[in-house]
*Asks:* 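My questions will all concern the structure given below.
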Amino acid sequence: RGSPASALEAFAEARRIRKATGALVCDEGVALMHGMANAARDAGDSVGAMRILDEEEGMRRALGSMHSADGLRLLCDIVQARVLCGEAANALEAYLEAQQLAARLGSSVRHAADIARALSSLGASQQAVKGDTRALVAYNEALAACISVKQRTSVLCNLGEAQLSLGDAASALESHTEARRLL
């Protein structure tokens, strides 16, 4: 079995060939891009993984396949990639779209797991989304879903930053005080 870097090279070559032959924007091309994004992530290239996932999203939109369980999984992967790249505001946008898509697709354990994974990434990210009331809703949802003290502390800090940026100093102080108490 090869390294993540060699897997990424193989995926990149397959992508180049598919693109050169006009066979990239199809279901097989989408699957190739998803594998390539996973290889980039496994190789430690978060920015590369995010770019590849964004390209996969564009292909899915062109094919009309975003409104599916695979589209939902992609959006949740995009949330995680954007969080890893420090793009919390863009991660929030992807999370909200994923949440709407999950509601349209109906309930399933898999959809709930995908949304929970995305929410956990967004809620505990190292960068708070500030100045956006939708972030408050997402952080409160993430807070309700926290299972570890470390995760809860991170979400409380992000919630406090978001509250403060919206002018709610009293709530921000409460959130930060609770986070500090947990430490």
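Predicted model only: the values in this text are computed from it and were never measured.
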*Asks:* Which distance, rounded to the nearest 0.5 Å, do you find between the CE of M66 and the CE of M59?
*Replies:* 12.5 Å
*Asks:* Is it the case that the side chains of Q99 and E141 hold a donor-acceptor pair, with the cut-off being a distance below 3.5 Å and no angle test?
*Replies:* yes
*Asks:* Under 6.0 Å from the CZ atom of R61, do we count more than 12 heavy atoms belonging to anything else shown?
*Replies:* yes
*Asks:* So does R18 get a backbone contact from the side chain of T21, meaning a donor-acceptor N/O pair under 3.5 Å?
*Replies:* yes
*Asks:* Could you go through L173 and L164, starting from their C-alpha distance and side-chain angles, then the distance that decides it, and tell me whether this counts as side-chain contact (heavy atoms from CB on, under 4.5 Å)?
*Replies:* CA-CA 8 Å; L173 181 59; L164 187 59; over 6 Å; no
*Asks:* Do the side chains of R134 and E93 get close enough for a salt bridge, i.e. N-O under 4.0 angstrom?
*Replies:* yes
*Asks:* Please report the closest heavy-atom contact between A138 and Y95, naming both atoms and the distance.
*Replies:* CB-CE2, 4.1 Å
*Asks:* Count I, L, V, M, F, W, Y as connected when their side-chain heavy atoms are under 4.5 Å apart, and connections chain through other members. Are L166 and V155 then in the same cluster?
*Replies:* yes
*Asks:* Which residue, E57, R15, H34, M33, forms the side chain to side chain contact (heavy atoms under 4.5 Å, CB included) with I52?
*Replies:* M33
*Asks:* Do V129 and Y139 have side-chain heavy atoms sitting under 4.5 Å apart?
*Replies:* yes
*Asks:* Run the side-chain contact (heavy atoms from CB on, under 4.5 Å) test on R73 and R117 for me, step by step, so that the C-alpha distance in whole Å, both residues' side-chain angles and the decisive distance to 0.1 Å come before the verdict.
*Replies:* CA-CA 10 Å; R73 200 165 307 115; R117 177 174 52 91; 4.1 Å; yes
*Asks:* Looking only at non-hydrogen atoms, find the nearest pair between L101 and H67 and report the distance.
*Replies:* CD1-CA, 3.6 Å
*Asks:* Do L156 and H176 have side-chain heavy atoms sitting under 4.5 Å apart?
*Replies:* no
*Asks:* I'd like to know if D114 pairs up with R110 as an ion pair, taking the criterion as any Lys NZ or Arg NE/NH1/NH2 lying under 4.0 Å from an Asp or Glu carboxylate oxygen.
*Replies:* yes
*Asks:* Would you compute the distance between atom CZ of R181 and atom OG1 of T153 and round it to the nearest 0.5 angstrom?
*Replies:* 9.0 Å
*Asks:* When clusters are formed by joining ILVMFWY residues with side-chain heavy atoms under 4.5 Å apart, either directly or through shared neighbours, do L122 and I115 land in the same one?
*Replies:* yes
*Asks:* Restricting to non-hydrogen atoms, name the atom on A49 and the atom on A37 that form the minimum distance, rounded to 0.1 Å.
*Replies:* CB-O, 3.6 Å
*Asks:* Look up atom CG in L84 and atom OG in S121, then write down how far apart they are to the nearest 0.5 Å.
*Replies:* 7.0 Å
*Asks:* Is it true that L53 and L96 fall in one hydrophobic cluster, defined by side-chain heavy atoms closer than 4.5 Å?
*Replies:* yes
*Asks:* Flag yes if L136 and L92 sit in one hydrophobic cluster, no otherwise; membership is Ile, Leu, Val, Met, Phe, Trp, Tyr, and two members link when side-chain heavy atoms are under 4.5 Å apart.
*Replies:* yes
*Asks:* Can a salt bridge be assigned to the pair E56 and R60 using a cut-off of 4.0 Å between side-chain N and carboxylate O?
*Replies:* yes
*Asks:* Is there side-chain contact between S154 and C157, with at least one heavy-atom pair below 4.5 Å?
*Replies:* no
*Asks:* Quick check for you: to the nearest 0.5 Å, what is the distance between L183 atom CG and K150 atom NZ?
*Replies:* 11.5 Å
*Asks:* Where is the tightest heavy-atom contact between A98 and L72, given as atom of each residue plus distance?
*Replies:* O-CD1, 3.3 Å
*Asks:* Would a single hydrophobic cluster contain both V137 and L75, if residues Ile, Leu, Val, Met, Phe, Trp and Tyr are joined by side-chain heavy-atom contacts under 4.5 Å?
*Replies:* no
*Asks:* Measure the shortest side-chain to side-chain distance between S125 and N158 over non-hydrogen atoms and say whether it is less than 4.5 angstrom.
*Replies:* yes
*Asks:* What I want to find out is whether R41 reaches D77 closely enough, with some N-O distance under 4.0 Å, to be called a salt bridge.
*Replies:* no
*Asks:* Indicate the atoms forming the closest heavy-atom contact of L105 with A69, along with that distance.
*Replies:* CD1-N, 3.9 Å
*Asks:* Does CD in Q127 sit with more than 12 non-hydrogen atoms of other residues, nucleotides or ligands closer than 6.0 Å?
*Replies:* yes
*Asks:* Where is the tightest heavy-atom contact between L63 and V25, given as atom of each residue plus distance?
*Replies:* CD2-O, 3.7 Å
*Asks:* Is any side-chain heavy atom of L143 closer than 4.5 Å to a side-chain heavy atom of R152?
*Replies:* yes
*Asks:* Determine, stepwise, if the pair Q163 / E174 fulfils side-chain contact (heavy atoms from CB on, under 4.5 Å).
*Replies:* CA-CA 10 Å; Q163 290 165 327; E174 274 183 42; over 6 Å; no
*Asks:* Going from OG on S46 to CD on Q80, what distance comes out if it is rounded to the nearest 0.5 angstrom?
*Replies:* 10.5 Å
